[in-house]
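Note on naming: letters A, B, ... go to the chains in the order of the sequence lines (proteins, then strands), and numbering restarts at 1 for each one. Computed over heavy atoms, backbone and side chain alike; hydrogens, waters and symmetry mates excluded.
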Protein chains: 2
Amino acid sequence: MVTLKDLARITGYSVTTVSRALNGYDDVNKETRDIILAAAEKLEYTPNINAQSLVTKRSKTIGFLVSDLKRESAKDNFTFEVLCGISEFVTEAGYEMILLSTSSSKQKNKTFRQIVSERNLEGIIIQGLKKEDPYLQEAIKGSVPTVLVDIPIENETTGYVTSNQHDSVKKAIKYLARLGHRNIAYMNGHKHAYVSEIRYQSYKEGLSEAGLEVDENLVCYGDYEEEKAYRASLDFLLSNPEVTAFFCASDIMALGVLKAAKELKLDVPKDLSIIGFDNILLTQYTSPTLSTIGQKPFELGKRGTELLLEIIQNSSTQRHIIIQNELILRESTAQPGG
Amino acid sequence: MVTLKDLARITGYSVTTVSRALNGYDDVNKETRDIILAAAEKLEYTPNINAQSLVTKRSKTIGFLVSDLKRESAKDNFTFEVLCGISEFVTEAGYEMILLSTSSSKQKNKTFRQIVSERNLEGIIIQGLKKEDPYLQEAIKGSVPTVLVDIPIENETTGYVTSNQHDSVKKAIKYLARLGHRNIAYMNGHKHAYVSEIRYQSYKEGLSEAGLEVDENLVCYGDYEEEKAYRASLDFLLSNPEVTAFFCASDIMALGVLKAAKELKLDVPKDLSIIGFDNILLTQYTSPTLSTIGQKPFELGKRGTELLLEIIQNSSTQRHIIIQNELILRESTAQPGG
DNA sequence: TAGATTATACGAAACGTTTCGGATTGTCAA
DNA sequence: TTGACAATCCGAAACGTTTCGTATAATCTA
């Protein structure tokens, strides 16, 4: 490893001068700067960021904190797309990202503050924590620049990035209503996630705005799992034959509903319209193909990082960014009865 | 941020003693150790890893170097699963992973050595670099502990983790032969990837071992893209009606072949058997469902990290790990003619 | 020509650790 | 009583940076 000291020894200047030359200070002679730069180039010098961060407090590193990244989560490319977005912007900005995977239990061993100060992280992006997770509370209360994905909370050092879930869910519901559906069921995920709540609220508002009544009995819970959604909807569809449309809080659950419909010999979309959420790759390959609400997780990651760096540099005017979803209509939606 | 100095001030001991107490040295009195530990606990002290690494040269950090992690790569959950595997093991071992995304062009700005020494990385896992990428060469020649995913090269400080692609491809080919197929085509990916070569070799050997002749004309190129595979196989199947089976170097390309077959009104598997590679989620949802070779990327990541840490700690006896793939038979394979 | 100003360079301290080599007690065998 | 030894503690240097304050020499101003 070649250090400032090496460069100093070789060029004959002091460590101070070498440092200032490399950092572009103007109290160093053009000639000596050139000599120093040449030597640095030749020896492939790069500053040791750890040492740098020790004195400047700027580690050029942010954390991506995600809940429980284990075997099963590999299926979830929402997280991965967010990560790709972060990676792209972070690199552009000369930063680096470290991946922090945590679980509810691990949060007892180490506080959020500790995680951050261990590695001098300048800021953190949080995705997929449960509402009641201590880290989330710490992050919001603390003074570490933080950006939350899909959790709409903001303050001096906390911002968030999300999609217009509210509008897009309402839009989907109203679309179904416009097609003539009167009994629109809702397949919700588990209650740990903020998004479940938001989508459920929006579903109800969508119904109201379409002049339909909200019926609590038309809500199922599938925990964001295909199998659970399948079982829940199987029973549900049997006992609620008046239902002609299903809005699902995730595509995965929509697959479960689709499977149940097939099982019950219901024709999709003739007997039952289905709309999912996420636009996962699979939705284009099922038969019928699935209508869904498409998010842009890559964008969420990218813009989220942008926001985070603004908060870090104190140059941000706003504390939140909203990305537009799109309602993607495929074969699984139609007028009731065909 | 609470430092050793703070603890020293509060407990009345020296920084040295505090440090030694926390690190479990036995030349500190049980009582004083307890006092110090209590204080550390109370103030939520955690060592600053950057400062630590400056003196110990051990940063508790490894890098995951992946080629060009951009928008499109989000679809590729091979990489993501590997990443999840790395994350799991790395956390267990008290390390942290930083994500390094590079492109062929970026590799000109900064050398591999620089990337490593910038952040005192203890080791690096490399996935998806092109054969001719400079970083790959540097990594192999250099003295930084490195683990390559799916690139079988090893030396003093370099190891690799891969699956038994060779055997599993041969197995698939021989399985097709046993079913009675005599003209088995091969859809290859682009030539930048080591795996393309390996799979192609294994395809040929599989044919030979099954007593079939290798015919170079039965090889198509789909560049690991569905669309390209679709177009390539469309022409190919038209002009080679004797072909009754297609082995594809990836599931994505198998989808393309499947689409082409449907387009040509070929019945799969009656007129054409198809085997893919990767076992992506989609293969369970196509119709017919796709036979494929299943890799275990999570395992690759996890065991790869294990190997890397062994190399770092100089405690490893072997320099490579082979994970068993499995041949997964679904509906897309049958005897020729049904 | 004296004093002020500018250009250029550097010493030393600091960041938060670890670790080497002592220093200071107290205990015990001879 | 003395010397040896163990137990316990600490000072100072080091890791690779940045930065504050200062030093020196050259140049300018009046």
Item to complete: Tell me, yes or no, whether the heavy-atom count around B/K141 atom NZ, taken from other residues, nucleotides or ligands under 6.0 Å, exceeds 12.
Response: no
Worksheet item: Between B/E299 and B/K302, does at least one N-O distance fall below 4.0 Å, as a salt bridge requires?
Response: no
Practice prompt. Drop me the distance from B/L136's CG to B/K131's NZ, to the nearest 0.5 angstrom.
Written response: 11.0 Å
Discussion item. At less than 4.0 Å, is any side-chain N or O atom of B/K57 found next to OP1 or OP2 of D/dG16? Yes or no.
Written reply: yes
Discussion item. Without decimals, in angstroms, what is the distance between B/R119 CZ and D/dG16 C1'?
Written reply: 15 Å
Worksheet item: Does a side-chain N-to-carboxylate-O contact under 4.0 Å join A/K110 and A/E118?
Response: yes
Fill in: Nearest-angstrom distance from the residue atom CG of A/L4 to C1' of D/dT18
9 Å
Donor-acceptor contacts, no H, no angles, side chain residues 95-103 of chain A, under 3.5 Å, sequence neighbours left out:
residue	atom	partner	partner atom	Å
A/Y95	OH	A/R58	NH2	3.2
A/Y95	OH	A/E122	OE1	2.8
A/S101	OG	A/L69	N	3.1
A/S103	OG	A/S105	OG	3.2
A/S103	OG	A/K106	N	3.3

Discussion item. Angle between the end axes of the helix from C/dT1-D/dA30 to C/dA30-D/dT1, five pairs per end, to the nearest 10 degrees?
Written reply: 60°
Worksheet, complete the sentence: A/N29 CG to C/dC10 P, in whole Å, measures 11 Å
Worksheet item: Once the angle between the rings of A/H320 and A/Y160 is folded into 0 to 90°, is it parallel (under 30°), tilted (30 to 60°) or perpendicular (over 60°)?
Response: parallel
Worksheet entry | Any residue meeting salt bridge (Lys or Arg N to Asp or Glu O under 4.0 Å) with A/K130, in chain and number order, not counting sequence neighbours | none
Item to complete: Whole angstrom is fine here: how far is it from OH in A/Y13 over to P in C/dC10?
Response: 7 Å
Item to complete: Round to the nearest Å and state the distance from A/L22 atom CG to D/dT19 atom P.
Response: 13 Å
Worksheet entry | Phosphate contact (D/dC10 OP1 or OP2) by B/S14 side-chain N/O below 4.0 Å | yes
Discussion item. Once salt bridge (Lys or Arg N to Asp or Glu O under 4.0 Å) is applied, do any residues pair with B/R20, and if so which ones, sequence neighbours excluded?
Written reply: B/D27
Worksheet item: What's the CG-P distance between A/L54 and C/dA13, to the nearest Å?
Response: 17 Å
Fill in: Crowding at NZ, A/K191 (>12 non-hydrogen neighbours, <6.0 Å)
no
Output one line per pair: protein atom, nucleotide atom from nucleotides 19-25 of chain C, and distance, for all N/O pairs under 3.5 Å.
residue	atom	partner	partner atom	Å
C/dT19	OP2	B/Y25	OH	2.8
C/dT19	O4	B/T16	OG1	3.2

Discussion item. Please tell me if B/K5 has a side-chain N or O lying less than 4.0 Å from either OP1 or OP2 of C/dA14.
Written reply: no
Worksheet entry | Shortest side-chain distance from A/M1, nucleotide among C/dC10, D/dG16, C/dT8 | D/dG16
Item to complete: Inspect the surroundings of CG in A/N109 and state if more than 12 heavy atoms from other residues, nucleotides or ligands are less than 6.0 Å away.
Response: yes
Worksheet item: Is there a donor-acceptor pair closer than 3.5 Å between any side-chain N or O of A/T91 and the backbone N or O of A/S87?
Response: yes
Worksheet entry | Residues in contact with DNA chain D, drawn from residues 33-53 of chain A - heavy-atom cutoff 4.0 Å | A/Y45, A/T46, A/P47, A/N48, A/A51, A/Q52
